[in-house]
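Below, read A as the first sequence line, B as the second, and so on, with proteins coming before strands; counting in each chain starts at 1. Note that the structure is predicted; figures quoted are calculated from it, not measured.
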Amino acid sequence: MQGTEYGDEALKQAMKTELKQRLLEAEKEHRPLRIYCGFDPRKADLHLGHTVPMNKLRQFQDCGHEVTFLIGNFTSLIGDPSDKDILRPQLTPEEVAENGRTYAEQAFRILDPKKTIIRYNAEWLSKLSFADLIKLASNFTVQQFLTRENFKLRWEKGDAIYLHETFYSIMQGYDAYAMRSDVQVGGTDQLFNIVTAARKVMTYMGEKPNIAIILGILPGTDGVVKMSKSLGNHIPINTNAEDMFGKVMSIPDSAMPTYSRLITRWTPADIKVIEDGLKDGSLHPRDAKMKLAREVTASFYGESEADQAQDAFIRLFQKHDVPDEVPETIISRDQSLLDILVACQLVGSRSDGRRMVEQKGVKLDGVVLTDGKEPLQHEGVLQVGKRHFVRVKFA
RNA sequence: GGGCAGUUACCCAAGUGGCCAACGGGGACUGACUGUAAAUCAGUUGGCGACACGCCUUCGGAGGUUCGAAUCCUUCACUGCCCA
């Protein structure tokens, strides 16, 4: 139950007890538990926040349970109302297929591909009739939706709440029923969908309600707000080891416990050792964060790449050296510095380049350059800011 | 269907005829400092440029009024509220 967050101790205890019972039942029936988590194929770019439930799925997988990675290609026509952007255009079937594919690909950095079942919820949702929907919907009241935090806020603010958004929960509940799910994993923003909607729908359809594993929300690099791409505080999965390592290093110290619990492979005992070390001063916060960054990076890119990323980080930010691998660009001898900066994409525009030069952010082999109009005196490593390098050579 | 309010740069949000490339906040970027790309402080944050506050593009879309508009008018689109 590490990293879970129910916001209500009674609910947590209830789920814990139910999970134990269900495990015993399954054992008697000689079957694994059916676990699933749904993913919205709207956004193909996954970040660490998305991997929180995947880590939990992986744990179940390692215990021999049956894990389904459900791609919500039908529900994505609506968009989860817990998302702020409700007015995004509908995706074409091609886009959904493509996103779903890349989604699964990224997910398999964590999940075991051989043990993971991939399903699409259009398989059953597209077959429901209007009459079916009415019957399902009759289990819910408008008040239940209006007391939900995200609808409540929008209601109070006078923002739009579309009727079809309420279907989202019902559909998700039907997913759980259609798959005869034992356990459903999701973030705290899924509490209503999993606990209220899914359990209600399953009970109504004559099935045993699924057990909710509700996980905490991973804060972004600011350490406070939920990680999201639109807020610009995300750490993407499809990047490289060095970038991921660095980005994890940039989280505030206060976010370390949450990261440790939600996105590492560490056991509660492992985490306790680190936290005790921090408490009694035997472990430096910076070193603790390095461990964390290394662990997170290793879980995606493997141990050796993570080690290399750590070395590069130390060299670059603690010793201020040039990184090992620097992209190389051939330039002509008479190009002005500004032209070179733009050509190497070290700056966004010439105006941007001028600013960088004025702010003493442009260096050639460690020496600050002050004139953007001049060509370079010699070949070398051109640096903009702390972390953008290009090795320039004359043609 | 009717009435009212709104649509501003990456996001939030001022601005109601010239001093607006547009206050402020967030974010991002640069520098100093440091235990890191943290915190703090300072600066920058449309593009071009012979670097002169000179030119070009931007304030939902399209027209119009005016020497001159983000600011006024017309119209279209979208959103919210109230009434039906």
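- The nearest whole Å value for the distance from the CD atom in Glu358(A) to the C1' atom in A42(B) is 15 Å.
- Residue Phe145(A) forms a ring pair (Phe, Tyr, Trp, His ring centres under 6.0 Å) with just one option from Phe192(A), Phe167(A), Tyr168(A), and that option is Phe192(A).
- With G47(B), G35(B), C33(B) as the candidates, the nucleotide lying closest to the side chain of Lys289(A) is G35(B).
- Annotation: A52(B) and C4(B) have their C1' atoms spaced 49 Å apart (nearest Å).
- When the C1' atom is compared between A9(B) and C83(B), the two are found 37 Å apart, to the nearest whole Å.
- Rounding to whole angstrom units, NZ of residue Lys360(A) and P of A32(B) are separated by 10 Å.
- With Asp352(A) as the partner, the salt bridge (charged side-chain N to carboxylate O under 4.0 Å, His left out) test is satisfied by one option alone out of Arg355(A), Arg354(A), Arg350(A): Arg355(A).
- With rounding to whole Å, Ile251(A) atom CD1 is found 11 Å from U36(B) atom C1'.
- For Arg350(A), whose side chain is taken as the heavy atoms from C-beta onward, the closest listed nucleotide among G49(B), U45(B), C29(B) is G49(B).
- One can place NZ of Lys363(A) at 6 Å from P of G31(B), the figure rounded to the nearest angstrom.
- The cationic group of Arg180(A) lies under 6.0 Å from the six-membered ring centre of Tyr177(A) and within 45° of the ring axis, placing it in a cation-pi geometry.
- Between Met356(A) atom CE and G31(B) atom P the separation is 8 Å, expressed in whole Å.
- When the C1' atom is compared between C19(B) and A28(B), the two are found 30 Å apart, to the nearest whole Å.
- Rounded to a whole angstrom, the distance from the P atom of G24(B) to that of G43(B) is 11 Å.
- Both Ser250(A) and Lys373(A) lie near RNA chain B, and the one whose nearest nucleotide falls closer to the 5' end is Ser250(A).
- A donor N or O paired with an acceptor N or O is found under 3.5 Å between the base of G35(B) and the side-chain atoms of Asp253(A).
- Across the C1' atoms, G18(B) and G68(B) are found 7 Å apart, a figure rounded to whole Å.
- Proximity note for Pro252(A) (side chain, C-beta onward) versus U30(B), C48(B), A38(B): the nearest is A38(B).
- Nucleotides G80(B) and A62(B) have their P atoms positioned 24 Å apart, rounded to a whole Å.
- Residue Arg286(A) places no side-chain N or O under 4.0 Å from the OP1 or OP2 atom of A39(B).
- With a cut-off of 3.5 Å on both pairing distances, G35(B) has no Watson-Crick or G-U wobble partner at all.
- Using a 4.0 Å heavy-atom distance criterion, Ser351(A) is classed as a base contact.
- Look at the C1' atom in both A69(B) and G64(B): the space between them is 12 Å, to the nearest Å.
- In this structure, Glu242(A) places its CD atom 13 Å from C1' of A37(B), rounding to the nearest Å.
- The nearest whole Å value for the distance from the CZ atom in Arg315(A) to the P atom in U36(B) is 16 Å.
- One can find a donor-acceptor pair under 3.5 Å joining the base of G43(B) and the side-chain atoms of Gln359(A).
- An OP1 or OP2 oxygen of C29(B) is reached within less than 4.0 angstrom by a side-chain nitrogen or oxygen of Arg387(A).
- Within the 4.0 angstrom heavy-atom criterion, base atoms lie near Met249(A).
- Atom name P, nucleotides G47(B) and C11(B): the rounded distance is 16 Å, in whole Å.
- Residue whose closest nucleotide on RNA chain B sits further toward the 5' end, between Asp352(A) and Gly385(A): Gly385(A).
- In this model, no donor atom of one side chain and acceptor atom of the other lie less than 3.5 Å apart for Glu305(A) and Thr297(A).
- With both pairing distances under 3.5 Å, C53(B) is matched to nothing as a Watson-Crick or G-U wobble pair.
- Checked by atom type, the side-chain pair Asn193(A)/Gln172(A) shows a donor-acceptor distance below 3.5 Å.
- The base of G49(B) sits with one of its N or O atoms less than 3.5 Å from a complementary donor or acceptor on the side chain of Arg354(A).
- Of all nucleotides present, only C83(B) satisfies the Watson-Crick or G-U wobble test against G1(B), with each distance under 3.5 Å.
- Between the CG atom of Asp339(A) and the C1' atom of G49(B) there is a distance of 12 Å, rounded to whole Å.
- The phosphate of A38(B) has neither OP1 nor OP2 within less than 4.0 Å of any side-chain N or O from Ser254(A).
- Side chain of Asp253(A) to main chain of Pro285(A): no donor-acceptor pair is present (N/O by atom type, distance under 3.5 Å, no hydrogens or angles).
- Base pairing of U7(B) is made with A77(B), judged by Watson-Crick or G-U wobble geometry with both donor-acceptor distances under 3.5 Å.
- Shown here, C23(B) forms no base pair; nothing in the strands shown gives a Watson-Crick or G-U wobble contact with both key distances under 3.5 Å.
- Between the Tyr259(A) side chain and the Pro219(A) main chain, a donor and an acceptor come within less than 3.5 Å of each other.
- Salt bridge annotation for Arg58(A)-Asp62(A): present, with a cationic side-chain nitrogen under 4.0 angstrom from a carboxylate oxygen.
- Under the Watson-Crick or G-U wobble criterion, with both distances below 3.5 Å, G68(B) has no partner in any strand shown.
- In this structure, A14(B) makes no Watson-Crick or G-U wobble pair, since no nucleotide meets both defining distances under 3.5 angstrom.
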